[in-house]
Amino acid sequence: MVRRDEIRTNEVGVEMPPATDAGLIYIGRIRTPWTDRLTCPRQGRLDGPLCTIEIFEPWVAALAEIERYERLEVLYWLDKSRRDLVLQSPASDGTVRGTFSLRTPVRPNPIGTSIALLVGVEGNVVKVRGLDCLDGTPLLDLKPDRTLFTPIAPRQPGDDEVGGPG
Ligand code: SAM
């Protein structure tokens, strides 16, 4: 069930710690048909409506060669989200799940990602299909879809071991 900013039965919020500055910058703005979270799709579809991504200067030059790729990963900042819930009730029925087991926009760092179909580039505007964010959502990054790349390094002994001190 799509949400705005309400707290639902059995959900748990925490006091937000002070922000650490990761140095993020908004490199553009996403234009979509959706102006309300309640009508915005939960996940984009590659046959969804045409959306445009406006890239700000000085980053327009960074679009060079992007048209080599048919699919892009789009990373954006879900700027209207609350960020303080650790347990959430997606169905609003009193049952709750941990935030990190969900793709909810409500998360401590509300980064959204979509795989989008690249339709074309005109100047500073990238046309895509496959997004699920509100009109005006700030853009964090564009990358070629990771599934178009294969690992360069051969498998190494120990690749299957669990990392970290143990
Ligand atoms: N595809 C992304 C992902 O998996 O990381 C986002 C998925 S999230 C479930 C999509 C929902 O986020 C939309 O249905 C809408 O309710 C909400 N949303 C979209 N744009 C937003 C924004 N700018 N701020 C807050 N919430 C937003």
Side-chain angles (χ1 to χ4, degrees), residues 2-3 11-12 14 16-30 32 40-56 58-79 81-91 95-122 124-134 137-166:
V2 178
R3 66 186 312 140
E11 289 190 330
V12 175
V14 295
M16 285 293 287
T20 44
D21 183 4
L24 288 176
I25 45 173
Y26 295 163
I27 59 161
R29 182 189 303 113
I30 301 176
T32 74
C40 191
R42 277 195 192 175
Q43 291 295 339
R45 303 167 50 113
L46 294 185
D47 61 355
L50 193 65
C51 299
T52 55
I53 302 173
E54 300 169 6
I55 305 296
F56 301 150
W59 310 110
V60 179
L63 291 173
E65 305 291 322
I66 199 169
E67 284 174 287
R68 287 165 171 257
Y69 299 98
E70 62 183 27
R71 291 191 309 272
L72 300 177
E73 269 178 53
V74 185
L75 286 77
Y76 36 96
W77 191 254
L78 296 158
D79 58 336
S81 281
R82 62 183 303 153
R83 302 169 62 172
D84 60 334
L85 298 189
V86 290
L87 293 179
Q88 303 187 38
S89 180
T95 58
V96 289
R97 290 177 56 177
T99 292
F100 301 144
S101 77
L102 299 166
R103 290 205 70 95
T104 170
V106 177
R107 45 203 326 113
N109 293 307
I111 295 172
T113 68
S114 286
I115 300 295
L117 191 68
L118 177 57
V119 176
V121 179
E122 283 177 21
N124 73 323
V125 175
V126 182
K127 297 181 191 175
V128 297
R129 295 184 193 274
L131 296 181
D132 52 19
C133 58
L134 295 174
T137 295
L139 179 71
L140 295 178
D141 205 354
L142 289 178
K143 310 182 193 190
D145 175 5
R146 76 180 79 93
T147 65
L148 300 173
F149 293 78
T150 48
I152 295 171
R155 285 181 64 74
Q156 304 289 326
D159 272 358
D160 294 328
E161 289 170 18
V162 177

Once rounded to the nearest 0.5 Å, what's the spacing between atom CG of Leu46 and atom CG of Leu117?
5.5 Å
Just by distance, with hydrogens left out, do Tyr76 and Thr113 show a side-chain donor and acceptor under 3.5 Å apart?
no
Tell me every residue that passes salt bridge (Lys or Arg N to Asp or Glu O under 4.0 Å) with Asp141, counting only those two or more places apart in sequence or in another chain.
none
Is there a side-chain contact between Val119 and Val128, using heavy atoms and a 4.5 Å cut-off?
no
Looking at Glu54 and Arg29, is there a salt bridge between them, counting it only when a charged N and a carboxylate O are closer than 4.0 Å?
yes
Taking everything shown except Gln156 itself, do over 12 heavy atoms lie less than 6.0 Å from its CD?
yes
Quick check: are there more than 12 heavy atoms from other residues, nucleotides or ligands sitting under 6.0 Å from CZ of Phe100?
no
Please find the pair of heavy atoms, one from Phe56 and one from Tyr26, that lie closest to each other, and give the distance.
CD1-O, 3.6 Å
How about Val96 and Val12: do any of their side-chain heavy atoms sit closer than 4.5 Å?
no
Measuring from Ser89:OG to Arg97:CZ, what's the distance to the nearest 0.5 Å?
10.5 Å
Between the CD1 atom in Ile27 and the CG atom in Leu142, the distance rounded to the nearest 0.5 Å is 5.5 Å
Rounded to the nearest 0.5 Å, what separates atom OG in Ser81 from atom CG in Asn109?
11.0 Å
Spacing of Leu72 atom CG and Ser114 atom OG [to the nearest 0.5 Å]
11.0 Å
Looking at Val106 and Thr104, what are the two nearest heavy atoms and their distance?
N-OG1, 2.9 Å
Any side-chain heavy-atom pair from Val126 and Leu118 closer than 4.5 angstrom?
yes
Between atom CZ of Arg107 and atom CG of Asp84, what is the distance when rounded to the nearest 0.5 Å?
13.5 Å
Would you call Arg82 and Glu11 a salt bridge, taking side-chain N to carboxylate O under 4.0 Å as the test?
no
Residues, nucleotides or ligands: over 12 heavy atoms within 6.0 Å of Trp77 CH2
yes
Decide salt bridge (Lys or Arg N to Asp or Glu O under 4.0 Å) for Arg45 and Asp132; before the verdict, give the C-alpha distance in whole Å, the side-chain angles of both, and the deciding distance to 0.1 Å.
CA-CA 8 Å; Arg45 303 167 50 113; Asp132 52 19; over 6 Å; no
Provide the closest heavy-atom pair for Ile115 versus Glu73 in the form atom of the first, atom of the second, distance.
CD1-CG, 3.2 Å
Between Arg71 and Thr147, is any side-chain donor less than 3.5 angstrom from a side-chain acceptor?
yes
So, for Leu134 and Thr32, which heavy atoms are closest and what is the spacing to 0.1 Å?
C-OG1, 3.4 Å
